[in-house]
Amino acid sequence: MKVFISSTIYDLKDLRDTLQQWLEEKGHTVLASEAGTIPIDSSKHSYEVCLEAARNCDCLVAIIDRRFGGVMPGGKRSITLAEIEEAFAHERRVWVFVRKSVWDAKNAYDGYKRAGVPFQPSNIVSDERVLDLIDDLRRRPTGNWLFTFRT
């Protein structure tokens with residue numbers, strides 16, 4: 001099975017490396033841009049190459065953590081959300097994991113937001129758009145399962 005790992009990259013390198021190793025030990029082919037397992041096409045934007053990988057994988061594993069990451073050209077969506085949506089659009093299996101501390105911060109912030117308290121970046125969540133991304137995924141009519149992880 002071809003598994004595409006979708007997340008911000010440089011801040012999650014250790015986690016992505018560990019996940020890639022575990023998946024490969026289970027016999028899966030891992031598509032990860034930093035590992036060179038996604039073919040590079042210099043005639044295309046790197047995001048388009050990643051979207052192609054999301055279309056062509058069998059399963060996409062997304063990791064949501066403290067950073068929002070890159071934004072799609074001409075838009076406000078993160079590349080991670082675009083990859084997830086692309087996988088869903090092509091009827092791929094999608095697994096979304098949210099770091100537990102980010103999930104807890106989101107739940108706490110929802111109450112503050114309703115009370116009009118502005119978002120404050122922290123070591124747990126650096127960008128309010130991360131919390132919006134979680135909402136976007138939770139509002140999906142299908143495929144809205146999100147799983148938390150600690151380590």
Side-chain angles (χ1 to χ4, degrees), residues 1-35 37-38 46-72 75-115 117-151:
M1 177 181 297
K2 288 188 295 187
V3 180
F4 178 65
I5 301 174
S6 176
S7 73
T8 55
I9 294 176
Y10 300 110
D11 57 319
L12 298 177
K13 182 164 179 26
D14 290 348
L15 177 61
R16 290 173 62 93
D17 287 349
T18 300
L19 178 58
Q20 180 173 350
Q21 180 181 356
W22 184 82
L23 288 166
E24 288 173 345
E25 287 172 1
K26 302 294 181 200
H28 302 293
T29 300
V30 176
L31 303 175
S33 57
E34 76 280 12
T37 55
I38 296 175
S46 60
Y47 289 176
E48 179 54 37
V49 173
C50 289
L51 292 175
E52 286 176 7
R55 282 191 287 276
N56 295 321
C57 68
D58 298 306
C59 177
L60 181 142
V61 175
I63 304 164
I64 310 298
D65 203 356
R66 68 179 300 273
R67 289 188 56 247
F68 185 72
V71 177
M72 291 296 295
K76 296 179 181 178
R77 283 186 318 159
S78 74
I79 179 60
T80 302
L81 179 58
E83 291 164 349
I84 293 167
E85 289 174 342
E86 195 69 19
F88 276 128
H90 288 83
E91 299 180 355
R92 304 302 183 230
R93 286 190 232 171
V94 176
W95 296 84
V96 179
F97 296 90
V98 179
R99 189 173 299 275
K100 180 77 164 84
S101 58
V102 173
W103 183 265
D104 292 344
K106 161 116 184 71
N107 288 330
Y109 179 64
D110 285 347
Y112 290 120
K113 187 174 182 177
R114 283 190 296 275
V117 177
F119 174 81
Q120 295 294 317
S122 71
N123 289 335
I124 297 171
V125 180
S126 66
D127 189 321
E128 184 177 16
R129 295 176 297 174
V130 171
L131 308 178
D132 296 337
L133 171 61
I134 293 169
D135 281 338
D136 289 342
L137 292 168
R138 289 170 74 182
R139 281 194 291 267
R140 287 186 50 79
T142 61
N144 57 357
W145 290 86
L146 304 177
F147 304 92
T148 60
F149 70 96
R150 291 181 195 276
T151 58

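Reckoned from all heavy atoms, side chains included, excluding hydrogens, waters and symmetry mates.
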Show the nearest heavy-atom pair for residues Y47 and M72, with the distance to one decimal.
CD1-SD, 3.8 Å

Any non-hydrogen side-chain atom of L12 less than 4.5 Å from a side-chain atom of R99?
yes

Treating T37 as the side-chain partner and V30 as the backbone partner, does any N or O pair qualify as donor plus acceptor under 3.5 Å?
yes

Using 4.0 Å as the upper bound for N to carboxylate O, is an ion pair formed by K106 and D135?
yes

Under 3.5 Å donor-acceptor pairs involving side-chain atoms of residues 142-151, not counting sequence neighbours:
{"from": "N144", "atom 1": "ND2", "to": "R138", "atom 2": "O", "distance (Å)": "3.4"}
{"from": "N144", "atom 1": "ND2", "to": "R140", "atom 2": "O", "distance (Å)": "3.1"}

Check the pair V102 / V130 against side-chain contact (heavy atoms from CB on, under 4.5 Å), numbers first and verdict last.
CA-CA 9 Å; V102 173; V130 171; 4.0 Å; yes

Hey, is D110 close enough to R114 for a salt bridge, meaning N to O under 4.0 Å?
no

Is any side-chain heavy atom of K76 closer than 4.5 Å to a side-chain heavy atom of R129?
no

Please assess S6 against I63 for the test side-chain contact (heavy atoms from CB on, under 4.5 Å), listing each intermediate value before the final yes or no.
CA-CA 6 Å; S6 176; I63 304 164; over 6 Å; no

More than 12 heavy atoms of other residues, nucleotides or ligands under 6.0 Å from CG of N123: is that the case?
no

Under a 3.5 Å distance rule, please check whether S7 uses its side chain to pair with a backbone N or O of I9 as donor and acceptor.
no

Listed pairs under 3.5 Å, donor-acceptor, residues 50-61 side chains, sequence neighbours left out:
{"from": "E52", "atom 1": "OE1", "to": "K44", "atom 2": "NZ", "distance (Å)": "3.4"}
{"from": "E52", "atom 1": "OE2", "to": "K44", "atom 2": "NZ", "distance (Å)": "2.4"}
{"from": "R55", "atom 1": "NH1", "to": "E86", "atom 2": "OE2", "distance (Å)": "2.7"}
{"from": "R55", "atom 1": "NH2", "to": "E48", "atom 2": "OE2", "distance (Å)": "2.7"}
{"from": "N56", "atom 1": "ND2", "to": "E52", "atom 2": "O", "distance (Å)": "2.9"}
{"from": "D58", "atom 1": "OD2", "to": "K2", "atom 2": "N", "distance (Å)": "2.7"}

So do L137 and L81 actually touch side chain to side chain, heavy atoms under 4.5 Å?
yes

E128 versus F68: any side-chain heavy-atom pair under 4.5 Å?
no

Check whether more than 12 heavy atoms from other residues, nucleotides or ligands sit under 6.0 Å from atom CD of E25, and answer yes or no.
yes

Would you say W95 has more than 12 foreign heavy atoms packed within less than 6.0 Å of its CH2?
no

Audit row: I79, V71, side-chain contact (heavy atoms from CB on, under 4.5 Å) steps and yes/no
CA-CA 6 Å; I79 179 60; V71 177; over 6 Å; no

Main-chain N/O of A35 paired with R16 side-chain donor or acceptor, under 3.5 Å:
no

What distance do D136 atom CG and I134 atom CD1 have between them, rounded to the nearest 0.5 Å?
10.0 Å

Would F4 and I38 satisfy side-chain contact (heavy atoms from CB on, under 4.5 Å), going step by step from the backbone distance to the final call?
CA-CA 9 Å; F4 178 65; I38 296 175; 3.2 Å; yes

Just wondering, more than 12 heavy atoms not from K100 lying within 6.0 Å of its NZ?
yes

side-chain contact (heavy atoms from CB on, under 4.5 Å) partners of R67, counting only residues at least two apart
T8, D11, S126

How many angstroms lie between CD1 in I5 and CG in L23, if you round to the nearest 0.5 Å?
6.0 Å

Do F119 and V125 touch side chain to side chain, with heavy atoms closer than 4.5 Å?
yes

